[in-house]
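Notes follow the structure.
Counting starts at 1 for both ligands and their atoms, following the listed order.
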Amino acid sequence: MGSALVGILQDRAAALAVQSGASLEIGGIAVSDLTRARAPHIPRDLLTADAAGLVADPSIDVVVELIGGMDPTEGLVRTALQLGKPVVTANKALLASPEGVALRSVAKEHGADLLYEAAVAGAIPLVRALRESLTGERIHRVMGIVNGTTNFILTKMGEQGADYTDVLAEAQALGLAERDPTADVEGFDAAAKAAILAGVAFGYDVAGTDVMREGITAIRAVDVEFAERLGYAVKPLAVVERAGDDALSVRVHPAMVPRSHPLAGVRNAFNAVFIEGEAAGELMLYGQGAGGRPTASAVVGDLIDAVRNRLAGTTAPSPDRQPARLLPEEDLQSQYYVSLDVTDRPGVLAAVTKVFGDNNVSIRSMEQEGYAGEARLLFVTHLAREGDVRSTIRELTGIDTVEQIGGVMRIVGGRE
Ligand SMILES: NC(=O)c1ccc[n+]([C@@H]2O[C@H](COP(=O)([O-])OP(=O)(O)OC[C@H]3O[C@@H](n4cnc5c(N)ncnc54)[C@H](OP(=O)(O)O)[C@@H]3O)[C@@H](O)[C@H]2O)c1
């Protein structure tokens, strides 16, 4: 992405100077390997392997961190802030770590901006919208598709009826998934973004590791097909919502979203974030969540803000935050989809529905289809407690006529 940023800074130099009130000159570009081949527009004389030296250089006014990961970035960002230099970063892993959370205080202490629009949902102007336009709004819930890789995979599974592993291979061939896809498909990437959103939208400090996280690897093509048949799309969601007055539910998991919901129409690698506020009502921001140029566009916006603020002797608003009280997973309230393969014989349905009832899970609808002496039961519940659904599933696995628990998915965005 650094290469795309350099391209934009070169191509739009005159316009960016007007916008920021100063001409933006690239003072140096830190890389890890000076011998690596670079795009022709990268000025070779600006490259250095000494990132720390560049940060400390008194002629450098603003630092843009696009290295990624924790080391050496945490030290570099901290040093820059301690020197009073604004930092623009796209590093969600750093920002969602306890060390990253602490960097906000360092920034405040030294009167330097720490800006990170590009860290959540790429080109989508989300952080600034929450921090500034919606700053007076009481936000109830922010939920979105903030990982393009998993949205691409689930979209293709729905549209082509393809299996997870086949679509993952296609995504890797298209460069939409890493060779090691763990960070995306197990939800780590989205969890870091959810943690950042909890801070920006709700004013709570949350670490990415504390986010309830479930990946998409267990989703079967057949469950995506059933979901579609029941009127839902399966989407990879990050959800941050109020749970009472002083607690938040922060979570990342695949969910069934009603087809009528705006998030259900967000296809392929696109991202979108749906915000529900007390006075503003419902809003949705949509766009490209990754890729060099889209993400670099968000970095440029922050860079201009940082320069403007520095010239004006001010910083972007950064209200104090408190540690979050997170809703225990077991206490989450949601509707659920449960599919079961059972032996097709009299009394089975009654036995199964009794387990739901015994665990306080009320069934909203049930569909049954038979095949070769077995039947498949598809349940949609009313709002239920996650802990009660988990005990229902545990108990169902102990019934000998239940051949297999198929899929279990939360349903989000519906109206009960
Ligand atoms: N790409 C996206 O679509 C996207 C979207 C949103 C957020 N982000 C975030 O943006 C950051 C960068 O991602 P990316 O995809 O651009 O990564 P990338 O392609 O791997 O680029 C990382 C750059 O950092 C340099 N680097 C690595 N270690 C270094 C060190 N110790 N000192 C100095 N330079 C070092 C690398 O140098 P060499 O060129 O010599 O290897 C490379 O130029 C990450 O935090 C990522 O999460 C990326």
For [atom], is there a protein heavy atom at a distance under 4.0 Å?
atom: atom 24 (O) of ligand 1; answer: yes
atom: atom 37 (O) of ligand 1; answer: yes
atom: atom 17 (O) of ligand 1; answer: no
atom: atom 42 (C) of ligand 1; answer: no

Do the side chains of [X] and [Y] get close enough for a salt bridge, i.e. N-O under 4.0 angstrom?
X: Arg376; Y: Glu403; value: no
X: Arg251; Y: Glu214; value: no
X: Arg220; Y: Glu225; value: no
X: Arg310; Y: Asp113; value: no

> Who's closest to atom 5 (C) of ligand 1 heavy-atom-wise, of Thr295, Asp50, Leu5?
Replying inline: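 Checking each option, the heavy atom nearest atom 5 (C) of ligand 1 is found in Thr295.
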>> Going by the closest heavy atom to atom 28 (N) of ligand 1, which one wins out of Thr89, Leu34, Ile67?
In response: Ile67
Considering non-hydrogen atoms of the protein only, which is the closest contact for [atom], and what is the distance?
atom: atom 9 (C) of ligand 1; answer: Ala90 O, 3.3 Å
atom: atom 44 (C) of ligand 1; answer: Gly68 CA, 3.6 Å
atom: atom 35 (C) of ligand 1; answer: Ser32 N, 3.6 Å
atom: atom 13 (O) of ligand 1; answer: Leu66 O, 4.4 Å

With heavy atoms of [X] as the reference, note each atom of ligand 1 found under 4.0 Å away.
X: Ala118; result: 6 (C), 7 (C)
X: Ala30; result: 33 (C), 34 (N)
X: Pro72; result: 31 (N)
X: Ala290; result: 3 (O)
X: Asp33; result: 40 (O)

When you compare the side chains of [X] and [Y], does any donor N or O come within less than 3.5 Å of an acceptor on the partner?
X: Asp33; Y: Thr35; answer: yes
X: Asn271; Y: Gln288; answer: no
X: Ser391; Y: Asp388; answer: no
X: Asn91; Y: Thr89; answer: no

Looking at ligand 1, would [X] count as a contact under a 4.0 Å heavy-atom criterion?
X: Ala119; value: no
X: Arg38; value: yes
X: Gly291; value: yes

> Hey, what do you get for CG (Leu168) to CD (Glu178), rounding to the nearest 0.5 Å?
Replying inline: 11.5 Å
>> As an exercise, state the distance from OG of Ser318 to NZ of Lys108, rounded to the nearest 0.5 Å.
In response: 4.5 Å
>> Quick check: do Arg308 and Asp305 have side-chain heavy atoms less than 4.5 Å from each other?
In response: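 A side-chain contact under 4.5 Å exists here.
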> Under 3.5 Å, N or O to N or O, is Met1 touching ligand 1 that way?
Replying inline: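 There is such a contact, yes.
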> CZ of Arg293: more than 12 outside heavy atoms within 6.0 angstrom?
Replying inline: no
